[in-house]
Participant: 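My structure is below; once you've seen it, I'll send some questions.
Residue numbers begin at 1 in each chain, while the letters A, B, ... track the order of the sequences.
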There are 2 protein chains.
Amino acid sequence: MMDAKKVTALLRKKGFKVTPQRLAIYNVLCNTKAHPNAEMIFNKLQPYYPTMSLATIYKTIDILKEIGLIQVINVGEDSLRYDAVVELHPHIRCTVCNKVEDIMQFDFSPAIKAVAENTSYDLSGQQFYFYGVCPECQAKSNLKIG
Amino acid sequence: MMDAKKVTALLRKKGFKVTPQRLAIYNVLCNTKAHPNAEMIFNKLQPYYPTMSLATIYKTIDILKEIGLIQVINVGEDSLRYDAVVELHPHIRCTVCNKVEDIMQFDFSPAIKAVAENTSYDLSGQQFYFYGVCPECQAKSNLKIG
DNA sequence: TTTTCTGCAAACCATTTGCATCATC
DNA sequence: GATGATGCAAATGGTTTGCAGAAAA
C-alpha cells in the first residue's frame, strides 16, 4: 500500500531523482511487517530487479531515512533493520527465530514525557527494544519437551 | 571499586582461568561511568598493559557477559559499549559529543510489567535508549549563536 | 604437566566508497 | 545535454578466529 505519488513528490522536493529502484525499495518496506534488513530487501527484489545491487539499497535507505520516510531499527543483530512506519513504537525480537515485531499494546508517551521533564538533555528521540520468545517458538519448544 | 575476590571466585566457578588481563578489563568497567567500547578499554589499559591486544579484550568481554558481570549497550554507534552495572536502566546518548550516560530519574519497571502482561512473548529482557543533546553541548551551542 | 589464555595476524561481514556507465530531468 | 543514480568492485572498520608460544592450575 505505497502512496507512490507521495514518495515521488517528496523525492523531487528534496532534490533527489525518482528511479524505479527507489520506488521499489520503499514499496517493499511499505508492504511488510517483517522489518527487513538490507539483504532481505535485496532478496525480495531479486526476481524483479535482477541487476540491483546491495549498494543501491544502502544508498536508497540513506535517502529514505534523510527525508523521513523510514526509520532504522537496531535490535542488537549484526545488521540493521528498516521500518516504513516512522511513528514511535517499541519493537520486540524473538531470541529464538529472530523475528522482529511491533509492540502496540502499550503507550510509552507518558513515560517518555516523564523522562523529558526530568533530564537535563534536550531530547530528540528514543528507541525501546524488548527481547523474548515468541508464541510460535514457545509452542515448538513445548513440543520437544512434552 | 571492584570486588576482586568476587570476580576471581566467579571465573573459577565457571571454569575460566583468572588472569591479570581479565581482572584489569573488569576493573576498568567497574571504575568508569563512561560506558566504554573495546577500543576505549584498550586505550585505558595501554599504559599498564602495553602488550594487551584488542582480541583479548573482546574475548574477555565475551566471558564477562556470559557469567553475567557486564551488559552490552548498543546505542546505534559503529561499536558496542559495555557496562559493569548489570541492573536494568535506560541509557541516553548525546548526539553531539556521543557521550553515553545512565538514566536513573525514572523507574520503568511498571511500564515493563505492563508490556509483559500484554504480550504473548515470554519476555527475557529489554533495552531503552534515549537520544538528545547534553547540557554541556547545549551550552557550547548557545555560546556560538549568542 | 595439562589445560587454557594471550596476542599477533589474518579472516569476516555488514556497510561504505570510487568510479565508469546509464537514466532521469 | 547536464546532473545525479546505478552497480560493480574494492575499501573500511569493528569484531572474530586460528594458532604458536606463554601463563594458570
Side-chain angles (χ1 to χ4, degrees), chain A residues 4-5 7-26 28 35-43 45-67 69-70 72-82 98 100, chain B residues 4-5 7-28 35-43 45-67 70 72-82 98 100:
Chain A
K5 267 190 201 164
V7 197
T8 301
L10 193 54
L11 281 170
R12 288 232 175 81
K13 183 181 159 192
K14 300 279 186 172
F16 298 107
K17 289 185 176 166
V18 178
T19 68
Q21 288 90 337
R22 289 177 179 173
L23 296 179
I25 291 166
Y26 183 60
V28 167
H35 309 87
N37 59 25
E39 201 184 352
M40 291 156 96
I41 300 173
F42 179 82
N43 291 335
L45 290 174
Q46 185 64 18
Y48 314 105
Y49 297 80
T51 66
M52 189 188 288
S53 72
L54 263 173
T56 296
I57 295 189
Y58 281 111
K59 286 168 187 169
T60 298
I61 282 169
D62 269 353
I63 291 176
L64 294 176
K65 203 193 324 175
E66 187 183 331
I67 65 181
L69 284 179
I70 64 171
V72 180
I73 298 172
N74 186 340
V75 265
E77 297 173 303
D78 290 340
S79 60
L80 300 173
R81 289 165 175 261
Y82 308 96
N98 289 316
V100 173
Chain B
K5 268 190 199 163
V7 197
T8 300
L10 192 55
L11 280 170
R12 287 232 174 81
K13 183 182 158 193
K14 300 279 187 171
F16 297 107
K17 292 188 172 165
V18 178
T19 68
Q21 289 89 336
R22 288 176 180 173
L23 297 179
I25 290 166
Y26 183 61
N27 193 31
V28 166
H35 310 87
N37 59 24
E39 201 185 352
M40 289 156 95
I41 300 173
F42 178 82
N43 291 335
L45 289 175
Q46 185 63 16
Y48 313 105
Y49 297 80
T51 67
M52 190 188 289
S53 72
L54 263 174
T56 297
I57 295 189
Y58 282 111
K59 287 167 186 168
T60 298
I61 282 169
D62 269 352
I63 292 176
L64 294 177
K65 202 190 329 174
E66 186 183 331
I67 66 181
I70 65 171
V72 180
I73 298 171
N74 185 341
V75 264
E77 297 173 303
D78 290 340
S79 60
L80 299 172
R81 289 165 173 263
Y82 308 97
N98 289 316
V100 173

Participant: With a 3.5 Å cut-off and heavy atoms only, can you find an N or O donor on one side and an acceptor on the other between the side chain of B:Lys59 and the base of C:dT6?
Facilitator: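 Flag unset: no donor-acceptor pair detected.
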
Participant: Of the nucleotides D:dT3, C:dG7, C:dC5, which one has an atom closest to the side chain of A:Lys17?
Facilitator: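 Per side-chain heavy atoms of A:Lys17, the pick is D:dT3.
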
Participant: For C:dT24, take OP1 and OP2 only and decide whether either is under 4.0 Å from a side-chain N or O of A:Arg12.
Facilitator: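 No, because none of the side-chain N or O atoms of A:Arg12 sits under 4.0 Å from OP1 or OP2 of C:dT24.
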
Participant: Of all the choices, D:dA5, C:dT17, D:dG14, which nucleotide is nearest to the side chain of A:Thr19 once you look at every atom?
Facilitator: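 Output: D:dA5.
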
Participant: For D:dT15 and B:Tyr58 - does any side-chain N or O of the residue sit under 4.0 Å from the phosphate oxygens OP1/OP2?
Facilitator: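 Result: yes.
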
Participant: Please compare B:Lys65 and B:Phe16 by the position of their nearest nucleotide in DNA chain D and report the one closer to 5'.
Facilitator: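 Result: B:Lys65.
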
Participant: Is B:Lys59 paired with B:Asp62 through a side-chain N to carboxylate O contact shorter than 4.0 Å?
Facilitator: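 No salt bridge links B:Asp62 with B:Lys59.
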
Participant: Looking at every heavy atom in both A:Arg81 and A:His35, which two are closest together, and how far apart are they?
Facilitator: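 Nearest pair, atom of A:Arg81 first, then A:His35: NH1-O, 2.9 Å.
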
Participant: Could you please name the option among D:dC8, C:dG7, D:dA24 that lies closest to any side-chain atom of B:Ser53?
Facilitator: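 Comparing D:dC8, C:dG7, D:dA24 against the side chain of B:Ser53, the answer is C:dG7.
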
Participant: Need one value for B:Thr56: base, sugar-phosphate or nothing, where a base atom within 4.0 Å counts as base even if backbone is also close, heavy atoms only.
Facilitator: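 Base contact - B:Thr56 has a heavy atom under 4.0 Å of at least one base atom.
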
Participant: May I ask you to say what B:Gln21 touches in the nucleic acid, namely base, sugar-phosphate or nothing, with a heavy-atom cut-off under 4.0 Å?
Facilitator: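 Sugar-phosphate contact only - B:Gln21 comes under 4.0 Å of backbone atoms but never of a base.
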
Participant: Which of these nucleotides, C:dG7, D:dA24, C:dT15, is closest to any side-chain atom of A:Ser79?
Facilitator: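 So the side chain of A:Ser79 is nearest to C:dT15.
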
